[in-house]
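These notes concern the structure reproduced below.
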2 protein chains.
Amino acid sequence: MVEEDPGVSIGTLARQSGCKIETIRYYERIGLICSPPRTAGGHRVFATADRKRLTFIRRARALGFTLGGVKELLRLVDSGAYGCAEIHDLAAGHLKEVRGKIAELQRLEATLSDMTSHCERGERPDCPIIDALSDSLVGKPRA
Amino acid sequence: MVEEDPGVSIGTLARQSGCKIETIRYYERIGLICSPPRTAGGHRVFATADRKRLTFIRRARALGFTLGGVKELLRLVDSGAYGCAEIHDLAAGHLKEVRGKIAELQRLEATLSDMTSHCERGERPDCPIIDALSDSLVGKPRA
DNA sequence: CCTTGAACCTGTAGCGACTACAGGAATGAG
DNA sequence: CTCATTCCTGTAGTCGCTACAGGTTCAAGG
């Protein structure tokens with residue numbers, strides 16, 4: 001029962017995982033994935049496990065996890081005996097952050113929306129948007 | 001009618017404008033504000049106009065404008081003869097970006113919310129969150 | 001006038017998460 | 001065997017600051 005894993009080049013892995021070549025090398029450099037074996041000429045040879053790991057990373061990143069968060073997730077997965085609890089807490093914590101960002105952006109949206117609605121693109125020199133940003137008048141730079 | 005502007009130190013300006021000292025120096029370096037005159041010993045001396053300009057910048061940044069966007073706004077203001085139209089368009093463009101980011105984050109929120117709700121922090125080894133991220137099984141790193 | 005301590009100066013490096021070169025060497029299909 | 005393609009390393013750039021280190025200047029008190 002010899003399980004052969006022919007191995008793929010970094011370019012093939014990039015196509016399979018959806019990560020760019022440079023990103024894969026970057027992940028290796030920062031220790032997110034392990035350094036793969038090389039050919040006699042020095043080219044990286046990746047295994048199926050690497051494709052799965054990279055796909056995992058890409059999906060977690062797409063959900064907005066930081067690389068630090070991804071590292072945590074992978075650490076739990078790598079440890080084997082992960083319980084749902086820790087994973088859940090990581091995801092819940094991230095969800096909270098995302099909701100915070102949404103709330104913040106919605107505040108900006110309201111302000112910007114209000115500002116632009118008050119400015120009807122008129123040709124008056126006293127633009128309400130500028131007024132809102134200015135302290136009565138913006139200091140011009142030294143001539 | 002001699003208008004005196006005694007001038008303030010960078011620390012005072014920082015307190016007045018709400019920008020940090022290092023940030024002010026950084027803005028000077030990238031040309032967002034002009035290099036102020038110096039004392040004999042080389043300390044910067046800022047004028048009232050600088051306080052107004054920095055306050056403007058800080059407010060625009062707080063609304064999420066990039067420094068590039070701020071530069072554009074200031075260019076229009078500096079040119080003097082700005083019409084509302086250009087300002088409006090800049091703000092409207094930024095508003096559109098903010099709305100796009102909100103929509104994107106809301107998609108993440110929905111996915112994360114769904115994932116965490118399916119995981120009840122049980123002690124099962126097959127966590128639904130991990131399953132969702134994995135390609136059936138995450139490849140473990142080489143031993 | 002002199003001392004002290006706070007504030008200021010320059011220059012550089014670091015953050016996150018890549019991306020983009022330059023200048024080569026290896027690969028693999030014809 | 002040729003040659004286009006892929007791959008290699010190393011470095012620097014992106015954005016918007018922030019944080020040093022190691023020195024100089026300023027202003028207030030004695």
Side-chain angles (χ1 to χ4, degrees), chain A residues 6-33 35-47 50 53-54 56-74 94 97-98 101 104-105 108, chain B residues 6-33 35-47 50 53-54 56-74 94 97-98 101 104-105 108:
Chain A
V8 296
S9 70
I10 196 170
T12 304
L13 182 64
R15 279 186 293 278
Q16 287 176 350
S17 68
C19 299
K20 291 192 180 178
I21 290 176
E22 294 87 354
T23 306
I24 295 173
R25 284 198 284 245
Y26 171 69
Y27 286 165
E28 181 189 340
R29 205 161 64 239
I30 65 171
L32 208 56
I33 62 175
S35 296
R38 306 286 187 116
T39 64
H43 287 201
R44 290 170 180 81
V45 181
F46 291 95
D50 297 309
R53 195 174 181 83
L54 273 174
F56 181 94
I57 295 170
R58 196 182 46 71
R59 287 184 189 160
R61 289 286 300 128
L63 285 173
F65 281 94
T66 63
L67 283 186
V70 175
K71 226 165 195 165
E72 277 297 291
L73 285 171
L74 285 171
H94 177 53
E97 278 179 23
V98 169
K101 278 184 196 166
E104 196 186 325
L105 284 176
L108 297 194
Chain B
V8 295
S9 69
I10 196 171
T12 305
L13 182 65
R15 278 186 294 279
Q16 288 176 350
S17 68
C19 299
K20 293 192 179 178
I21 289 177
E22 295 86 354
T23 306
I24 296 173
R25 284 198 285 246
Y26 171 69
Y27 287 166
E28 181 188 339
R29 206 161 63 238
I30 64 171
L32 207 55
I33 61 174
S35 296
R38 305 287 186 116
T39 64
H43 288 201
R44 290 171 180 81
V45 181
F46 291 96
D50 297 309
R53 196 175 181 83
L54 273 174
F56 181 95
I57 294 170
R58 196 182 46 72
R59 288 184 187 159
R61 289 285 301 129
L63 286 173
F65 281 94
T66 63
L67 283 187
V70 175
K71 226 165 196 166
E72 277 298 291
L73 286 171
L74 285 172
H94 178 52
E97 277 178 23
V98 169
K101 277 185 197 166
E104 195 187 328
L105 284 176
L108 298 193

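So that the names make sense, note that chain A is the first sequence line, chain B the second, and so on, each numbered from 1. What you see is a predicted model, and the numbers here were worked out from it, not measured in a lab. Below, all heavy atoms of this structure are taken into account, side chains as well, without hydrogens, waters or symmetry copies.
A/E28 has its CD atom 17 Å from the P atom of C/dT19, to the nearest Å. Rounded to an integer number of Å, the gap from CG of A/L54 to C1' of C/dC18 is 14 Å. Atom NZ of A/K71 is separated from atom P of C/dC15 by 11 Å (rounded to the nearest Å). Computed from coordinates, the A/E22 CD to D/dT6 C1' distance equals 12 Å when rounded to whole Å. If you measure from atom CD1 of B/I33 to atom P of D/dC17, you get 12 Å, rounded to the nearest angstrom. As rounded to whole Å, 16 Å separates atom C1' of D/dC8 from atom CG of A/L13. In this structure, A/I24 places its CD1 atom 13 Å from P of D/dT9, rounding to the nearest Å.
For D/dC7, neither phosphate oxygen OP1 nor OP2 lies less than 4.0 angstrom from any side-chain nitrogen or oxygen of A/R44. Contact between the side-chain N/O atoms of B/S9 and the OP1/OP2 oxygens of C/dC8 is found at a separation under 4.0 Å.
Counting any heavy atom pair closer than 4.0 Å across all strands shown, B/I30 reaches no nucleic acid atom.
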> Does the side chain to side chain contact (heavy atoms under 4.5 Å, CB included) test come out yes or no for A/R38 and A/V45, once each step is laid out?
Replying inline: CA-CA 5 Å; A/R38 306 286 187 116; A/V45 181; 6.0 Å; no

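For the pair A/H94 (side chain) and A/L63 (backbone), a donor-acceptor distance under 3.5 Å is present. Of the possible polar contacts, none joining the A/T12 side chain to the A/V8 backbone as a donor-acceptor pair under 3.5 Å is found. A distance-only check finds no donor-acceptor pair linking the side chain of B/R53 to the backbone of B/I33 [under 3.5 Å]. Between the side chain of B/R61 and the backbone N or O of B/F65 there is at least one donor-acceptor pair closer than 3.5 Å.
Within 6.0 Å of the CD atom in B/E22, the count of heavy atoms belonging to other residues, nucleotides or ligands exceeds 12.
To the nearest 0.5 angstrom, A/R58 atom CZ is 9.5 Å from A/L54 atom CG. Of the inter-residue distances, the one linking B/L74 atom CG with B/L67 atom CG reads 10.0 Å to the nearest 0.5 angstrom.
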Contacts under 3.5 Å, N or O only, protein and nucleotides 22-26 of chain D:
unit_1 : atom_1 : unit_2 : atom_2 : d
D/dC26 : OP1    : B/T39  : OG1    : 2.9
D/dC26 : OP1    : B/G41  : N      : 3.0

Considering only nitrogen or oxygen atoms on both sides, find all protein atoms under 3.5 Å from nucleotides 10-16 of chain D and state each distance.
unit_1 : atom_1 : unit_2 : atom_2 : d
D/dG16 : OP1    : B/L67  : N      : 3.3
D/dG16 : O3'    : B/R61  : NH2    : 3.3

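Applying the side chain to side chain donor-acceptor pair (under 3.5 Å) test to A/E28 and every residue at least two apart in sequence or in another chain returns A/S35, A/R44.
When each of C/dT19, D/dT18, C/dC8 is scored by its nearest atom to the side-chain atoms of B/T23, the top-ranked nucleotide is D/dT18. Of the candidate nucleotides D/dC8, C/dC8, D/dC7, C/dC8 has the atom nearest to the side chain of B/I21. Of the listed nucleotides (C/dC9, C/dC8, D/dT9), D/dT9 has the atom at the smallest distance from the side chain of A/R38.
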